[in-house]
Every structure is written in structure tokens, then in C-alpha cells.
Amino acid sequence: MAKQAREVERSPLARLTGALYLAYFATTIITTIVQSHIPKAAGTAGNLLAYVLYAITTLLFYDLFKPVDRRLSLVAALVSLAGCVVGSLGVFNLPTYHLNVLYFFGPYCLLLGILILGSKFLPQILGALMALAGLGWLLFLIPAVAKHFGTGIEVLGVAAEGLLMLWLLAMGVNVQKWQKQARAQAKAENSRG
């Protein structure tokens, strides 16, 4: 009976999101490690694959967080997708007008943190960590801050995203609470419309 209760609370969408998040992490880490030892085209392909995986993960997060706040989830997704476009242009050395991808991924992590904090189906600590990571990535853009606190910010960012990814893979979301929040969101939208 306890096993059945645990299975009921696992969402295929959340687990798929976690799996693609893991694929993104793995692709990024492997490409970074081996990039100097492989042909340039293979490194380019690895980096491009990482951005594609992140874009797909972004769309899955959008769907996952629509019940919390459809508009905020859409804004978060658009910000992340813009970051993926800028990052992909950078992979091909196309002009990005000196836009650092952290201008997009910092706010994205912050917005995901806010969405998690507003959710009823994920632990609040994950939201707090993601929001702090987003703020950290934005502070990382300030050279003096990056010089003194860069390693700590990187550890916080990777830990926050890694914990969210692992939670989604291992635990998923509470489906009943997700459905209840989705119904409440739809009812609120219908009453406004």
C-alpha cells in the first residue's frame, strides 16, 4: 500500500524533465572536459546538443509550472529560450553583441525559484535554492563579485540545479497537489476571462 501511494505521487512529466535535465548536465560536463581533446566540430556539436536539451527542458518546465502561474512560467520559458538562442549563436561564433548567457539563465533560475516557492507540489527549499542561485548568477556578472565569490556562486548554482534535477528524477512531484493547483489556476483564469 505504501508503495502504491509513492507511485501515485510520481509524475511522468516531472521525471521526464529530470531525465532531460540530467542529459543536459551530462552533455555539458562531458563536452567541457573533452573539448580540447576532440575535433572542433565534435565540440561544437556537443555544445549545441546541450543547448537543445536545455531548450526542451525549459519547455517541460513551462508545462510543469503552468498551474502555479501561467504567465510567469511563460516569461521564464521565453527568457531561457532566448538564452539558448544566444548561447547557440556563440557556439558558431556568430555575433551575440557581447550578451553573456547568464543575463538570461540568472533570471531564469530566479523565476524557477519563485515558481517552485509558489507551487504546492515541490519542496520550498528547492525554490529558495534556485532563487538564490539565480541571484548568484546575476551577481557573477559583476567582475569584482565573480573574482571574490565566483567559486561559491558556481557551487551554489550547480548544487541548486543539481538538487532540483535529482528531486525530479527520484521523487517527481505530488500529482494530486499539482492537479489541485492546476484546477485552481484554470478556475481563476476562467473567472477573469
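On a predicted model such as this, the values are computed, not experimentally measured, just so you know.
Checked by atom type and distance alone, the side chain of W178 pairs as donor or acceptor with a backbone atom of L64 at under 3.5 Å. Side-chain atoms of T17 come within 3.5 Å of backbone atoms of L13 as a donor-acceptor pair (strictly under, hydrogens ignored). Within the 3.5 Å criterion, the main-chain N or O of A188 finds a donor-acceptor partner in the side chain of S191. Not one N or O on the side chain of S73 forms a donor-acceptor pair closer than 3.5 Å with the backbone of R70.
The distance from atom CD of Q124 to atom CG of L122, rounded to the nearest 0.5 Å, is 9.0 Å.
Residues F65 and I116 have side chains in contact (heavy-atom distance under 4.5 Å, counting atoms from C-beta outward). With contacts defined as side-chain heavy-atom distances shorter than 4.5 Å, the pair Y21/F61 qualifies. Counting only heavy atoms from C-beta outward, the side chains of S80 and F105 approach each other to under 4.5 Å. Between L89 and P95, every side-chain heavy-atom pair lies at or beyond the 4.5 Å cut-off. Counting only heavy atoms from C-beta outward, the side chains of L16 and L20 approach each other to under 4.5 Å. Between D63 and L59 there is no side-chain heavy-atom pair separated by less than 4.5 Å. The side-chain heavy atoms of Q35 and N47, taken from C-beta on, include a pair separated by under 4.5 Å. By the 4.5 Å heavy-atom criterion applied to side chains, I114 and D69 are not counted as neighbours.
Dense packing is recorded around CZ of F25, with more than 12 heavy atoms of other residues, nucleotides or ligands lying under 6.0 Å away.
Q181 and Q185 form no side-chain donor-acceptor contact under 3.5 Å, judged by distance and modelled atom types alone.
I56 and Y62 are members of different hydrophobic clusters when ILVMFWY side chains are connected at heavy-atom separations under 4.5 Å.
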